[in-house]
S.K.: 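Before we start, here is the structure in question, set down as structure tokens.
Chain letters run A, B, ... following the sequence lines, proteins first and then strands; every chain starts at 1. Keep in mind that the numbers below use all heavy atoms, side chains included, and drop hydrogens, waters and symmetry copies.
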Amino acid sequence: MTRIFVPCDSSALALGADEVAQALVAQAAQRGVEIELVRNGSRGLLWLEPLVEVETAAGRVGYGNVEVEHVAALFDADFLHGSQHALCVGVVDEIAFLKKQQRLTFARIGITDPLSTEDYVAHGGLEGLRNALAMRGADACQLLIDSGLRGRGGAAFPAGIKWKTVLGAVADQKYVVCNADEGDSGTFSDRLAMESDPFMLIEGMTIAGISSDATEGWIYVRSEYPHAVKTLNRAIEKARAAGWLGADVLGSGKTFELHVVMGGGAYVCGEETALLESLEGKRGIVRAKPPIPALSGLHGKPTVINNVVTLASVPIIFARGADFYKNFGQGRSRGTLPIQLAGNIRYGGLVELAFGVTMRELMFDYGGGTASGRPVRTVQVGGPLGTYLPESQWDIPLDYEAYAAVGAVVGHGGIVVHDDTANLAQLAQYAMKFCALESCGKCTPCRIGSTRGVEVIQRIRNGDTSVKQVTLLRDLCDTMLNGSLCAMGGMTPYPVLSALNHFPEDFGLTGAPQTAAA
Amino acid sequence: MHTRIAIAPEELVARLARPGEPLLTILHAIQEEAGHIPEGTIAPLARAMNLSRAEVYGFITYYHHFRTAAPAPIAVQLCRAEACQSMGAEALAEHMEQRTGCRFDSHHHEDGPAAVSLQSTYCLGQCALSPSMMINDRLYAKVTPKKFDALLQASQQACTEAAAKENI
């Protein structure tokens, strides 16, 4: 019996994977061929979705962009034996885009059935948790510090230090909160992790809990990800039934319980303190720090709060050791980063690599240039609050410090490519508009500055390119940068100023740009 | 699509507001069942959660996801964030407005109550397969004007058929 894999993550579903799966089953029945249909996760080769794979002696052979009307022809071409067909992409593991990657965190995605506990264990799952259960909390925190893992959500704070702070705090209840409010345009690694390998997140959070003495975990998932919520809930149910969660984690006598809550569609709830407010049943308004969440987080209790990919990277670190992980990367950016190639890109998807890769390599060697076939104009790295990089910056190694040195951010590792039809003044104005839409309203520079920003950029776009307007815009950006509590107002100037500094012609400005406020 | 059967707000709250549950979870359950958050749920919800009505109202209106009125039978959400913009989402938005006669993020329609509503959203997490959109609860990626027209037509047809069934 031949095994056929049809992904069940939301990208594949958005392109008709369910219908393809049904057609495959129906066609096989009609032809009297026995097949075993597996709904795997996505491999992250998103431009090929729905990517149907067939298990053969040579490996899993892929057929990309399969639609219902292709199904009969695939059977005719004997695809069940991996035969040639226009849609055939060969053995999937041999596809250069995938083969060149260093998949540590995302090693299992697309290979396994996301909801099969057997599959998970057969592919290295739970090794990290078993090791962590045999360690003292302080040693576990030290291991994470030694691995060099920094928060992958954007702030890049050393994860182990956070855990150690929570472990050291004295309280009757501690929490682990997973920030799955992945709102940045151009990012989808959290979604992929939750939909294609949810047990990995569950394991990572459980390790966080037992290492920091927290017995309860919450995953806060954005409302735009209903499929991830469904997958997580089913995975948690299975993990509980298997004894991975609950009052006696893997027979250790230790307790860890896990819950999922769906957000309300507020971008600012991706900021950790706003998220905690939201989880407590309040409007998602940013809290002033200190106190830090590690000491006073959810319901005022010590809380480990990390994003999905940070927590999902924990199991492999505990399975293979701090040195194994630390040996990837460079400088103070250790390990791998799941980069998301998005926007106007030919081969979009997930590229997990050690830190140090350049934008040029990512966009061209992996991404194959633009989807439109036009020249790349710019790339925005790190989400809506990240800078627009001009070509002169495409050779900087991807590294937290190297990016910070040019006023850019790695952020969540999302990169959005724009071709030469992009208007950077329009994109800068959009950045201000988005801030106005999503500001929680606590800080005046963010709440009002963003609206004024939309207006002043409109005046410049309307032709008033006087020094007065440009100075006003820079002044406003300076106020937002320095006068906002969180990254929403504090970083909206990044895309705006980078657009203004590197692409003044789009604003109708000629001559040398004034130096940036940032 | 949500069937609009009148449910008593007090009954909804009594059934769905469990102590210890986050307010978000309760509101999602109410909206899932009623199609929106009926005004009448606010007072009983405030009592059940030991909050003021202002706090509950403030919460509901703060979050984009919660609606206080029933949605159009065909509710379209188009992602208008950067990645989708880079793949022509703005031109697609214009096409969608022309095709439907609706304006984005407006509850008004020239010919009375709208059968279709267009809403902007900011990131559906399909940024490598832009532009993306949702029609009611279903997600679509790599949307073109042609694909939108076909999906809209199919949705309209499904609506007409559902209405015909109800009238039998």
S.K.: Just jot down the side chain to side chain contact (heavy atoms under 4.5 Å, CB included) partners of Pro338(A), sequence neighbours excluded, or say none.
M.R.: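 Applying side chain to side chain contact (heavy atoms under 4.5 Å, CB included) to Pro338(A) gives Phe106(A), Ser189(A), Val309(A), Leu350(A).
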S.K.: Using non-hydrogen atoms and a 4.5 Å limit, figure out which bit of Glu55(B) sits close to chain A: side chain, backbone, both or neither.
M.R.: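 Interface part for Glu55(B): neither.
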S.K.: What pairs meet the salt bridge (Lys or Arg N to Asp or Glu O under 4.0 Å) rule with one or both residues in residues 368-377 of chain A, with sequence neighbours excluded?
M.R.: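 Found Arg374(A)-Asp420(A), Arg377(A)-Glu505(A), Arg377(A)-Asp506(A).
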S.K.: At a 4.5 Å cut-off on heavy atoms, which part of Leu427(A) comes close to chain B: side chain, backbone, both, or neither?
M.R.: side chain
S.K.: Closer than 3.5 angstrom, by distance alone: can the side chain of Tyr63(B) be matched with the main-chain N or O of Gly284(A) as a donor-acceptor pair?
M.R.: yes
S.K.: Nearest 0.5 Å, what's the CD-OH distance between Gln85(B) and Tyr430(A)?
M.R.: 5.5 Å
S.K.: Specify the closest pair of heavy atoms between Arg138(B) and Gly16(A), including all atoms of both residues, with the distance to one decimal.
M.R.: NH2-CA, 4.2 Å
S.K.: For Thr25(B), which residues count as a side chain to side chain contact (heavy atoms under 4.5 Å, CB included) partner, sequence neighbours excluded?
M.R.: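 Thr25(B) satisfies side chain to side chain contact (heavy atoms under 4.5 Å, CB included) with Val261(A), Glu21(B), Pro22(B) once adjacent residues are dropped.
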S.K.: Which heavy atom in Glu82(B) sits nearest to a heavy atom in Tyr388(A), and how many Å separate them?
M.R.: CG-OH, 3.8 Å
S.K.: Test Gln126(B) against Ser10(A) for side-chain contact (heavy atoms from CB on, under 4.5 Å), laying out the working first.
M.R.: CA-CA 8 Å; Gln126(B) 305 300 332; Ser10(A) 62; 2.9 Å; yes
S.K.: Checking heavy atoms, do the side chain of Arg80(B), its backbone, both or neither come under 4.5 Å from chain A?
M.R.: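 Contact with chain A involves the backbone of Arg80(B) alone.
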S.K.: Is the CZ atom of Phe104(B) crowded by more than 12 outside heavy atoms at less than 6.0 Å?
M.R.: yes
S.K.: Could you report the tightest heavy-atom contact between Ala128(B) and Leu341(A), atom names first, then the distance?
M.R.: CB-O, 3.5 Å
S.K.: Check each atom of Val268(A) against the heavy atoms of chain B and say whether the ones under 4.5 Å are side chain, backbone, both or neither.
M.R.: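 The answer is the side chain of Val268(A).
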S.K.: For Glu182(A), which atoms come within 4.5 Å of any heavy atom of chain B: side chain, backbone, both, or neither?
M.R.: neither
S.K.: For chain A, find its close neighbours in residues 43-51 of chain B: heavy-atom separation under 4.5 Å, sorted by number, or none.
M.R.: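 If one takes a 4.5 Å heavy-atom cut-off, no residue of residues 43-51 of chain B lies near chain A.
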S.K.: Which atoms of Ala371(A) are under 4.5 Å from chain B, going by heavy atoms: the side chain, the backbone, both sets, or neither?
M.R.: side chain
S.K.: Can you tell me if His28(B) uses its side chain to pair, donor with acceptor, with the backbone of Met262(A) under 3.5 Å?
M.R.: yes
S.K.: Which bit of Leu192(A) is near chain B, if near means a heavy-atom gap under 4.5 Å: side chain, backbone, both or neither?
M.R.: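 No part of Leu192(A) comes within 4.5 Å of chain B.
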S.K.: Can any side-chain N or O of Asn344(A) pair as donor or acceptor with the backbone N or O of Met87(B) at less than 3.5 Å?
M.R.: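 No.
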S.K.: Please answer whether the main-chain N or O of Gly125(B) pairs with a side-chain N or O of Arg191(A) as donor and acceptor at a distance below 3.5 Å.
M.R.: yes
S.K.: Counting heavy-atom pairs closer than 4.5 Å to chain A, which one of Val56(B), Leu23(B), Thr61(B), Leu124(B) comes out on top?
M.R.: Leu124(B)
S.K.: For Tyr62(B) and Cys440(A), which heavy atoms make the closest approach, and how far apart are they?
M.R.: OH-CB, 3.2 Å
S.K.: Would you say the side chain of Leu13(A) lies within less than 4.5 Å of the side chain of Leu139(B), judging by non-hydrogen atoms?
M.R.: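 Side chain of Leu139(B) against side chain of Leu13(A), heavy atoms only: no contact under 4.5 Å found.
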S.K.: Any carboxylate oxygen within less than 4.0 angstrom of a Lys/Arg side-chain nitrogen, looking at Lys142(B) and Glu67(A)?
M.R.: no
S.K.: Quick check, are the ring centers of Tyr267(A) and Tyr122(B) under 6.0 angstrom apart?
M.R.: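 Centroid distance Tyr267(A)-Tyr122(B): not below 6.0 Å, so no.
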S.K.: For Cys123(B), is there any backbone N or O sitting under 3.5 Å from a side-chain donor or acceptor partner on Ser185(A)?
M.R.: no
S.K.: For atom CZ of Arg53(B), decide whether the heavy atoms of other residues, nucleotides or ligands shown that lie under 6.0 angstrom number more than 12.
M.R.: no
S.K.: So which atom in Ala342(A) and which in Cys127(B) form the shortest heavy-atom distance, rounded to 0.1 Å?
M.R.: CB-O, 3.3 Å
